[in-house]
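Input: a single structure, listed below in structure tokens.
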Amino acid sequence: MDVVIRVKALSKLFGHATVLRGIDCDIRASEVVCVIGPSGSGKSTFLRCLNGLEDASGGEVLVHGVSVHDPKTDVDALRSEIGMVFQRFNLFPHKTVLENITLAPTKVRGLSAAQARLRASELLAKVGLESKINAYPNQLSGGQQQRVAIARALAMQPRIMLFDEPTSALDPEMVGEVLAVMQALAEEGMTMVVVTHEMGFARQMADRVLFLDEGLVVEEGTPAAIFDHPQEERTRRFLSKVL
Amino acid sequence: MEHVLWFGWFRADIISSYAMLFWRGLQMTIAVTLICIVQGTALGLAVGLAGVAEARHSPAKQLCKYALRWPAAVFVSFFRGTPLFVQILLIHFAVLPLFVNPADGLLISGETARELKQNYGAFLSGVVALTLNAGAYISEIFRAGIQSIDKGQVEASRSLGMSFPRTMYHIVLPQAFRRMLPPLGNNAISLLKDSSLISAIGLAELAYAARTVAGAYSRYWEPYLTISLMYWMLTLALAYGVKKLEVRYGRGDSR
């Protein structure tokens, strides 16, 4: 299958702290890759390097063959193809749900207001929030906000979706509704990279699981291989704590 | 009549005979204040943005530091670190003659310069000084307002492919503006009151009108109490306007 994202020897330093120490991995079209690992292992930093929210200190990230961290790259054009969903939703609080979703498609893609609105209402139907189209984010629950955030990212019709612990800031009873939306997306064939603590989701939905610790990919494989037959001691230790 | 006993000492006739002077002074004060609020806000926005400018790659990185952030910091430091009164005098008696001078003005010279200085000199200097001063304070309000917006807002916007200017315009500034309204309102009120300092270089605004009347009659209660009340009414009106704006732009804000 086509490689959509190619990560080569990616390293990242914050001051003197080394967060990523040489990560290699390929992500192929329609693949769902879950990234797991203890906090501080560099999972989120890894994800944020994929769309250039973080600079790389060394190595390279290629998305569709284009280097993300090359200063000559049009990073805005690149990012418009890569949706991202954040732990804390990051909806725009001064804009309604509709405006949150239509802003980038109209400004970046040049859609008319009517086209953008149509697309927004389709997406809201998909995430089950049609009735909230004119609400402001602070009128929504956490789970609803995250579903709007997913719809907002999808409105750009990205080819890749990045999820940065999308359910970690949610009350337990709202985790399911967000995971259901992600599952539907995965089943449609979206290429997804998901940093998550939801081992159930990873086991069920991932094509491949990466276990990161101290800035390195310690182990990778199918969910069955990682969860049922981990080869590395560190993986075993981590899983024994979270499962 | 009872109230005559109370207010008998207050010679209202002084005020009424100079009503036109006070009226023109009031108009001048309002004009100067409004012009300086608008210009000071524009300048403050520009300087505030310059003060937070950052880029990732050289040479833009160095350019931001030495051509934007540093000059902005020096400008703000100077105009906040020296008295407004001194700034007005400096601009009126030293800087303005450098640019507008019948003999050898850098900007305007000859007869035009003479007339300009004669008729609008104090107005020009006053507006320039007050604008620069307000711009320095307002830029700090903008800088703080911009920096108070959660980084996640910028990241969400950038991750959608929105450029940095678009992100500023659509996401950061509207949210920052809401938080900036109260300090901006305070600043506008200060500006209104500070405009009285321009009377020192002979601009015929409210304080100047009071001084003229005081000089003519050697009476001080009447003119100064009158303009005090006028300033007070103006600041109350401004505060009311700011409150209205806060309500209007407060939508969707949970903080």
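The sequence lines fix the lettering, A, B, ..., with proteins before strands; numbering per chain opens at 1.
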Under 4.5 Å heavy-atom distance to chain B, tell me which part of [X] shows up: side chain, backbone, both or neither.
X	value
A:Asn51	side chain
A:Val75	side chain
A:Leu78	neither
A:Ile82	backbone

Looking at [X], I'd like to know if its [atom1] atom is crowded, meaning that more than 12 non-hydrogen atoms belonging to other residues, nucleotides or ligands lie closer than 6.0 Å.
X	atom1	result
A:Arg109	CZ	yes
B:Arg69	CZ	yes
A:Phe86	CZ	yes

For this session: Give a yes or no answer on whether the side chain of A:Asn90 reaches the backbone of B:Ala156 with a donor-acceptor pair at less than 3.5 Å.
Result: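 Not at all, since once roles are kept as given, no pair shorter than 3.5 Å links the two residues.
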Exercise. Does any N or O in the side chain of A:His94 come within less than 3.5 Å of the main-chain N or O of B:His170, such that one atom is a donor and the other an acceptor?
Worked result: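 Indeed, once roles are kept as given, a pair shorter than 3.5 Å links the two residues.
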Exercise. Any ring-ring contact (aromatic ring centres under 6.0 Å, His included) pairs touching residues 171-201 of chain B, not counting sequence neighbours?
Worked result: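 Qualifying pairs, neighbours excluded: B:Phe177-B:Tyr249.
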For this session: Just grab all the side-chain hydrogen bond (donor to acceptor under 3.5 Å, both in side chains) pairs involving residues 123-134 of chain B, residues at least two apart or on different chains.
Result: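 Output for this query lists B:Gln39-B:Thr131, B:Gln87-B:Asn133, B:His92-B:Ser125.
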Exercise. With sequence neighbours left out, which residue pairs that include part of residues 149-158 of chain A fulfil the side-chain hydrogen bond (donor to acceptor under 3.5 Å, both in side chains) condition?
Worked result: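 For residues 149-158 of chain A: A:Asn100-A:Arg152, A:Arg119-A:Gln157.
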For this session: For residues B:Pro174 and A:Phe92, determine if any side-chain heavy atom of one lies less than 4.5 Å from a side-chain heavy atom of the other.
Result: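 In short, these two side chains do not touch, never coming nearer than 4.5 Å.
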Exercise. So, do B:Glu155 and A:Arg48 sit near enough that their side-chain heavy atoms are less than 4.5 Å apart?
Worked result: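 Heavy-atom side-chain distance check passes, below 4.5 Å.
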Exercise. Going from CZ on A:Arg88 to CD on B:Gln153, what distance comes out if it is rounded to the nearest 0.5 angstrom?
Worked result: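 The distance works out to 11.5 Å.
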For this session: Select all residues of residues 158-169 of chain B having any heavy atom within less than 4.5 Å of some heavy atom of chain A, and report them by number, or 'none'.
Result: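 B:Arg158, B:Ser159, B:Leu160, B:Gly161, B:Met162, B:Ser163, B:Arg166, listed by number.
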